[in-house]
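Here's the structure we're looking at; comments come further down.
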There are 2 protein chains.
Amino acid sequence: MSTIYDIANACGVSIATVSRVLNGSSKVSPKTREKVLAAMREQNYSPNPFARGLGLDSMKMIGILCTDVSDAFFAKAVSLVEHGLRKRGLDVILGCSGTELSEKKKYLQLLLNKHVDAIILIGSPFRETNDNSHLEAAARQVPIVTINSLIDLPNVYSVDCDVSSGMKQVVELLAADGYTSILYLYDQLTYSGQQKLQGHREGLAECGLPEQPELIRRVERTLGEPQGLVEKLLDDKVPFSAIVTSEDLIAIGAQKALVARGIRMPVIGCNNSILAECSTPSLTSIDNRLDILCPTAVKLLTKILNGEKESAPSQTIFPPLLVFRDSFTVKNTVDK
Amino acid sequence: MSTIYDIANACGVSIATVSRVLNGSSKVSPKTREKVLAAMREQNYSPNPFARGLGLDSMKMIGILCTDVSDAFFAKAVSLVEHGLRKRGLDVILGCSGTELSEKKKYLQLLLNKHVDAIILIGSPFRETNDNSHLEAAARQVPIVTINSLIDLPNVYSVDCDVSSGMKQVVELLAADGYTSILYLYDQLTYSGQQKLQGHREGLAECGLPEQPELIRRVERTLGEPQGLVEKLLDDKVPFSAIVTSEDLIAIGAQKALVARGIRMPVIGCNNSILAECSTPSLTSIDNRLDILCPTAVKLLTKILNGEKESAPSQTIFPPLLVFRDSFTVKNTVDK
DNA sequence: TTAAAAAATGTTAACGGTTACAAAAAAATA
DNA sequence: TATTTTTTTGTAACCGTTAACATTTTTTAA
């Protein structure tokens, strides 16, 4: 590994000059610049990131914190964010904390300890509890951008999708189609989980439908549990005529229960991951626009890192997109 | 941010003593140790990773390089590896290079430039070409552990699953059941892609079945392309009685074409991702044991980082697992 | 009680960059 | 040509650790 001193020696210049060439900061005469660049190429030089980091307190690394990359939703988000950051010359430290609040705190601290330049938080930082004191503390050290959850704290910037309205719209569409007994299956009440549930309730209220506790059920984010629950509800003859869920995986589990019994009714997922397409019948799903949120978050972040905090909106919200597939199409309305 | 000097001052000791407490290296008297630890707690001290990195040329970060985390297979692998590394106090820099060789090279270089302690390579480093000169060069700088591809180079350690035998076994099972015209759909001929194809061919040979070019077809790793191809083959009345694929996603696409026409025949996927379970009928799939490969790779890596290279096997191979689901069960054999 | 050995602590030079400031060289002006 | 201005380059301090080596303190042995 050659150092800045090696390059300086090779060209008969000082290390300051080499550093200047490296950073393109202040002026260097064209011919010395060329000489230095040639030496760098020759020696295959690459600046030591630790030394640089020590001086500048930055290694141009962004921490990405999510719950679980093996989940299709987070995987897509991480992928999109990683691409965006790379394109801008930023490296990515990945942390998958799981759902436990204590773990999330620990991971947040781990990233801070590594002196990342910023943190991108995918999904919700808190669960049922609204304790985000740790986030507040973290934001005092580095800017934080959250994707898919809205947090109002200094130095925290949120890019979110209004899934609440999506959920509401789904209820309205179903109701308009005569599906008035809607089974709502949700998993964790993270920020977006709460939004979804609220949207569902608003939809019910809007349509003058009653809120039935036995039709608003919490399940694990798995295939088996929703499937089992739906089977049980069918066994118990609990009446419902459509299923809406907070996640595609849950929807698919539920749909499997239906398919197994030859029952056909509208099933709506959320997140519109690849799973939705894989399901048979393919799943109608609320798309939370990660394809827009993630690039937006990255752009926002670069702005902030460039010191343009003033022009960085602390909240950016996009509308969701309903993607209709076989499990429920608006055409139903017409066909019926 | 308090430094080692702040702590030293606060306790009236030298920075060397603080450093010793920090590293637990040489002896420090119990009472000064306590005093120092107390000051650290009080000042919420955490050592500057860049300074440490500069001295030790290590920030205890491992680079993970994969093709695409948004793909269920890589997502699962990255997730498993991340967990294992975290548990051992190692941080993770993630790189998603895509399939282009030039990009892979670039990403490899990016990780090296960050002075990662090691690189874990998930999936294949090369495609149809067998050019792994860049890997060889990289391995001269840091140890490399590959997951799901076998590479014979100094300082490269491979943890792999023998999918070839899995593929072979599938053909044998199908043939034994009377399914002798097998459509084989594959995507990229990465290392494991080649292994799979070879296993398939071996299976055909073993069973005395002919290799039919029109039944060994390359498709994109998407849902739509295999679906379209199968539809076309059906239209063209190309005869086949079972479908085997190199990836679950492809299998699901193919199966969708069958389901749409009410045709039922064995469909076998590979990788056994969550997609396989989501499909209806649920997909029989070859599990390449990421649940074992990934922890093994991490353990191997820690061994290597601990300087126990001698006792680190350069190749570790696990057998695959056939996971039978609705799209093809061995019970078929009995039932028929 | 003193000398020797062991344990604890301190001093200081790396590690490889960045950058403020100083100095030298080149260009512009008088 | 001498002087001023501008451009280019060099010097050296600093960033916060680690660790070799030196020194002091404590313990043990004589």
Side-chain angles (χ1 to χ4, degrees), chain A residues 1-40 43-61 89 91 112-117 141-142 305, chain B residues 1-40 43-61 89 91 112-117 141 305 307:
Chain A
M1 283 283 86
S2 71
T3 73
I4 207 173
Y5 288 92
D6 299 324
I7 305 295
N9 280 339
C11 312
V13 300
S14 75
I15 57 165
T17 300
V18 178
S19 177
R20 284 187 192 104
V21 172
L22 220 43
N23 300 297
S25 48
S26 58
K27 294 262 122 47
V28 178
S29 81
K31 52 182 178 298
T32 37
R33 149 167 281 113
E34 246 338 297
K35 209 166 44 171
V36 170
L37 287 174
M40 285 179 172
Q43 299 193 31
N44 204 274
Y45 170 80
S46 109
N48 184 305
F50 305 143
R52 229 178 202 176
L54 186 54
L56 306 175
D57 194 29
S58 156
M59 244 177 76
K60 294 211 168 293
M61 295 194 309
D91 268 82
L112 292 176
N113 287 348
K114 287 283 171 184
H115 287 224
V116 292
D117 291 38
Q141 297 192 45
V142 292
L305 292 179
Chain B
M1 282 282 87
S2 71
T3 73
I4 208 173
Y5 287 93
D6 299 324
I7 304 296
N9 280 338
C11 313
V13 299
S14 74
I15 58 165
T17 300
V18 179
S19 177
R20 284 187 193 103
V21 172
L22 220 43
N23 299 298
S25 49
S26 60
K27 294 261 120 51
V28 178
S29 81
K31 51 182 180 299
T32 37
R33 149 167 283 112
E34 246 339 296
K35 208 167 44 173
V36 170
L37 287 174
M40 286 178 171
Q43 299 193 32
N44 204 276
Y45 169 80
S46 110
N48 184 304
F50 305 142
R52 229 179 201 174
L54 185 54
L56 306 174
D57 194 30
S58 155
M59 243 177 77
K60 295 214 169 291
M61 296 194 309
D91 268 80
L112 292 175
N113 287 347
K114 286 284 170 183
H115 287 224
V116 292
D117 292 38
Q141 297 192 45
L305 292 179

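Just so it is clear: chains get the letters A, B, ... in the order the sequence lines come, proteins before strands, and each one is counted from 1.
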Test side-chain contact (heavy atoms from CB on, under 4.5 Å) on B:Y45 and B:L22 and set out the steps. CA-CA 11 Å; B:Y45 169 80; B:L22 220 43; 3.6 Å; yes
Taking only residues two or more places apart in sequence or in another chain, which ones pass side-chain hydrogen bond (donor to acceptor under 3.5 Å, both in side chains) with A:D57? A:H115
Strictly under 4.0 angstrom, non-hydrogen atoms only: write out the protein contact profile of nucleotides 12-22 of chain C, one letter per nucleotide from the 5' end, B, S or -. B--BBSBBB--
Taking it one step at a time, do B:R52 and B:N23 satisfy side-chain contact (heavy atoms from CB on, under 4.5 Å)? CA-CA 11 Å; B:R52 229 179 201 174; B:N23 299 298; 3.2 Å; yes
Which whole-number value in Å describes the distance from [X] [atom1] to [N] [atom2]?
X: A:D57; N: D:dT17; atom1: CG; atom2: C1'; answer: 14 Å
X: A:R33; N: D:dT9; atom1: CZ; atom2: P; answer: 10 Å
X: B:M59; N: D:dT18; atom1: CE; atom2: C1'; answer: 16 Å
X: A:I7; N: D:dG10; atom1: CD1; atom2: P; answer: 15 Å
X: B:E34; N: C:dA8; atom1: CD; atom2: P; answer: 15 Å
X: A:K114; N: D:dG16; atom1: NZ; atom2: P; answer: 17 Å

Give, for atom OG1 of B:T3 and atom CG of B:N48, the distance between the pair rounded to the nearest 0.5 Å. 9.5 Å
Could you grab the distance from atom SG of A:C11 to atom NZ of A:K31, nearest 0.5 Å is fine? 14.0 Å
So, does B:S29 get its side chain near the phosphate of C:dT9, meaning an N or O under 4.0 Å from OP1 or OP2? yes
Backbone N/O of A:M59 and side chain of B:K114: donor-acceptor pair under 3.5 Å: yes
Taking every non-hydrogen atom, the tightest pair across B:R20 and B:V28: CB-CG2, 3.6 Å
What are the two closest heavy atoms between A:F50 and B:L54, and how far apart are they? CB-N, 3.5 Å
Taking five pairs at each terminus, the helix from C:dT1-D:dA30 to C:dA30-D:dT1 shows an axis bend, to 10°, of 40°
